[in-house]
Amino acid sequence: MPATNSSADRYRITSVQDLLRFLLICFIWLACIVLAIFFIYRSIINYPETYKVPEFNVTGAQLNRLNYTETNHTLSYNLALNITLTNPNKKIFFKLTDTQVIAYHQNKRFGLVTLMDRQTLFDQNPKSSSDFNNAVIQGWKPMMFEEPMLPNADLYNIDVVIAFREKGGGLSGQVICNLKLPLSFNGTAWNCYKTTKCSKVFYYWGS
Ligand SMILES: *[C@@H]1O[C@H](CO)[C@@H](O)[C@H](O)[C@H]1NC(C)=O
Ligand SMILES: *[C@@H]1O[C@H](CO)[C@@H](O)[C@H](O)[C@H]1NC(C)=O
Ligand SMILES: *[C@@H]1O[C@H](CO)[C@@H](O)[C@H](O)[C@H]1NC(C)=O
Ligand SMILES: *[C@@H]1O[C@H](CO)[C@@H](O)[C@H](O)[C@H]1NC(C)=O
Ligand SMILES: *[C@@H]1O[C@H](CO)[C@@H](O)[C@H](O)[C@H]1NC(C)=O
């Protein structure tokens, strides 16, 4: 048989060994194709969901009292909040525990309310929201402010930090909501003009 470069000749089946080699090549090709289809299927159909963090929004706020007494440096406060928690994931559940809402004025923490304590386990299903209505931060606290606190300001800057924890060493984090609120007299409700989207401060994994 004359030597030739043509591929047709190279793959021409002339002996049992050639036949076996041909079948082996076919088998390897088939295995590659099956593997490729498997991985494409895995990545399209069964793609693992990227984790989305819990979203908190303040949907209503009412500042019933924010009264600073200069003589004894005491702040007396009452702030009612409506907060929504959203799980934006398609399949992942949130199991929240130990979640607190902490209020600051002029970067000084003055009060807090607990939405879920360490004993509570709160399930938030995928693609769903929960409302926490009338979470009230109230009390009094001796404290000093750097800037004088005007008794009749139009708007007060209140920063609300929501610190949450997932059960079992999952995600922990804090979100901050910057509110500008007027004092509400005689308990008249003041709702945010639009829902206050809270920005993310930090998240970390572990307990
Ligand atoms: C809360 O804010 C997010 C954006 O951070 C928005 O997608 C979502 O619709 C808001 N939820 C409510 C109940 O307003
Ligand atoms: C919170 O929601 C409740 C029920 O929708 C409403 O009656 C109340 O006025 C709201 N409070 C604030 C502070 O927005
Ligand atoms: C603030 O406290 C002072 C002294 O207790 C009181 O006279 C005043 O009415 C209070 N103001 C408001 C807006 O509650
Ligand atoms: C501070 O002074 C105000 C006004 O006199 C009073 O209402 C309040 O009880 C005092 N607070 C404390 C902690 O003594
Ligand atoms: C608050 O209530 C008092 C007494 O009930 C009333 O005189 C006053 O006008 C009310 N203020 C507002 C802003 O509604």
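Just so we're clear, the structure is a prediction, and the values are computed from it rather than from any experiment. All ligand and atom numbering here is 1-based and tracks the order in the structure. Just so you know, these numbers use all the heavy atoms, side chains as well, and skip hydrogens, waters and symmetry mates.
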Asker: Any heavy-atom pair between the side chains of T99 and I162 that's under 4.5 Å?
Answerer: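 Side-chain contact under 4.5 Å: yes.
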Asker: Under 4.0 Å from a heavy atom of N72: give me the atoms of ligand 4 that qualify, with their elements.
Answerer: 1 (C), 2 (O), 3 (C), 8 (C), 10 (C), 11 (N), 12 (C), 14 (O)
Asker: Just jot down the ligand 4 atoms closer than 4.0 angstrom to any heavy atom of W140, in number order.
Answerer: 13 (C)
Asker: Under 3.5 Å, which donor-acceptor pairs do the side chains of residues 134-145 form with other protein atoms, sequence neighbours left out?
Answerer:
unit_1 : atom_1 : unit_2 : atom_2 : d
Q138   : OE1    : N78    : ND2    : 3.1
K141   : NZ     : R109   : O      : 3.4

Asker: Within a 6.0 Å radius of atom NZ on K127, are there more than 12 heavy atoms belonging to other residues, nucleotides or ligands?
Answerer: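 Atom NZ in K127 is crowded, with more than 12 foreign heavy atoms closer than 6.0 Å.
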Asker: Go through ligand 4 atom by atom and flag the ones less than 4.0 Å from a non-hydrogen atom of T69.
Answerer: 2 (O), 3 (C), 4 (C)
Asker: For A80, take its heavy atoms, then give the atoms of ligand 2 lying under 4.0 Å from any of them.
Answerer: 13 (C)
Asker: Quick one: which ligand 2 atoms are inside 4.0 Å of a heavy atom on N134?
Answerer: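 Per the distance check, 11 (N).
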Asker: Could you list which atoms of ligand 2 come closer than 4.0 Å to a heavy atom of G60?
Answerer: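 Counting from 1, the qualifying ligand atoms are 13 (C), 14 (O).
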Asker: Provide the number and element of each atom of ligand 2 under 4.0 Å from a heavy atom of A61.
Answerer: 13 (C), 14 (O)
Asker: Show me which atoms of ligand 2 lie under 4.0 Å from any heavy atom of Q62.
Answerer: 13 (C)
Asker: State which residues pass salt bridge (Lys or Arg N to Asp or Glu O under 4.0 Å) with D123; sequence neighbours excluded, sorted by chain then number.
Answerer: K95
Asker: If you define the side chain from C-beta out and look only at heavy atoms, does anything of Y68 sit under 4.5 Å from T74?
Answerer: no
Asker: Are F56 and F132 an aromatic pair, judged by ring center distance below 6.0 Å?
Answerer: no
